[in-house]
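A short write-up of the structure that comes next.
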Amino acid sequence: MNNKVLIIYTGGTIGMVQGKDGSLRPFALEGVLEAVPQLQSCGYGIDSCQLDEIIDSSNMTPRVWVDIANIIEREYEKYDGFVVLHGTDTMAYTASALSFMLEGLSKPVVLTGSQLPLGMLRSDGRENIIAALEIAASPVRIPEVCIFFENRLYRGNRSTKVSAENFDAFKSYNYPSLAKVGIEITYKHHLIMKAQEGANLKVHRNFNTHIAVLKLFPGIGRELVEAIMKTEGLRGVIIETYGSGNALTEEWFFEALREAVGRNVIILDVTQCKAGSVKLRQYAASCDMEQIGVLSGHDLTIEAAVTKMMHLLGTYDDTDQVKRLLETSLRGEMEWN
Ligand code: ASP
């Protein structure tokens, strides 16, 4: 029996057509599949479906993540793998979110898209869809949410969009790619997660979006920091710090953080650097952060940090449990010991 894959179409450049004013708009699924006739002769069982509303991924919301996860849960037993066609702009957020939502996953969920619409002669979409399908149908059965783009398969919650114009638009700086597509597909088995024996798929659907991301810059003002920290209903803040997790050492800054922590706001330190990890206490400029109760985001991408924090705050009421899980690797999203 041939392996079966379900394509879930959500939108993005891959399926866009040019409107009269020249701007790109999402298009229906039939048009996407017609543009890749090779799919009919690839030897896998392929079915497809689309979200009720096809979107530019700039309009992505947790509600849409739930729609995608619901489809995967509903069709889980019927298929060997899933390919999610998605806009590139927020693909790394969706891949990260799905990784936290789909606990006990034992089948591949591969997100892909393209930089040029499929209807264009030089589109990168055809190769991306075909390889993503081959990976989703492969007996290797990667039990992870991944992103396939321009010859590389990445762990979804380690990926980040790095280019608005190159075909190799994604990178995973802190974890090597899981597979490389050349004449053959070379899987790096030792880097791929092992499926949990006997685990069943469990879908987590709740996100708490009452969080903020505060990116530090030289000259950042007290009013801005205080305004963010005092936002009503705030449950968590991700501070994008410098280097190995360093921040300014001004007293007003610490006071704003200390006051927020006192109100049970969780503060997570991630670095603005693309590669490497937060190491609190390496410099004096991060010692006080730890003392106040700021947590280390280790080598999390910002996409993984945002989605993990929203997922944990939406799933658990106990602040201490959320804190503990934030500093624990749940789906291979960060280094951990
Ligand atoms: N704006 C598009 C989207 O993310 C860009 C793309 O697909 O490459 O939906």
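Numbering of ligands and ligand atoms starts at 1, following listing order. As the structure is a prediction and not an experimental result, all values here were calculated from the model.
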Atom 1 (N) of ligand 1 [closest protein heavy-atom partner, distance rounded to 0.1 Å]:
D89 OD2, 2.8 Å
Is there a polar contact between ligand 1 and H86, counting only N or O atoms under 3.5 Å apart?
no
Within the structure, is a non-hydrogen atom of S114 found at a distance of less than 4.0 Å from ligand 1?
yes
Please assess D89 against K161 for the test salt bridge (charged side-chain N to carboxylate O under 4.0 Å, His left out), listing each intermediate value before the final yes or no.
CA-CA 7 Å; D89 287 347; K161 183 175 178 182; 2.7 Å; yes
ring-ring contact (aromatic ring centres under 6.0 Å, His included) between W65 and Y93: does it pass, once the steps are laid out?
CA-CA 10 Å; W65 293 336; Y93 285 93; 7.5 Å; no
Looking only at distances, can you tell me whether any N or O atom of D56, backbone or side chain, sits closer than 3.5 Å to an N or O atom of ligand 1?
yes
Which residue owns the protein heavy atom closest to atom 8 (O) of ligand 1, what's the atom, and how far is it?
T88 OG1, 2.4 Å
For residues F207 and I238: do they belong to one hydrophobic cluster (side chain heavy atoms under 4.5 Å, members Ile, Leu, Val, Met, Phe, Trp, Tyr)?
yes
Test salt bridge (charged side-chain N to carboxylate O under 4.0 Å, His left out) on K308 and E333; report intermediate values, then the result.
CA-CA 9 Å; K308 185 176 181 180; E333 73 277 11; 2.6 Å; yes
Atom 6 (C) of ligand 1 [closest protein heavy-atom partner, distance rounded to 0.1 Å]:
T13 OG1, 2.8 Å
By number and element, which atoms of ligand 1 are closer than 4.0 Å to a non-hydrogen atom of G12?
7 (O), 9 (O)
Shortest protein contact, atom 9 (O) of ligand 1 (heavy atom only):
S57 N, 2.7 Å
Between S177 and R152, is any side-chain donor less than 3.5 angstrom from a side-chain acceptor?
yes
Can you hop from I228 to M289 via hydrophobic side chains spaced under 4.5 Å?
yes
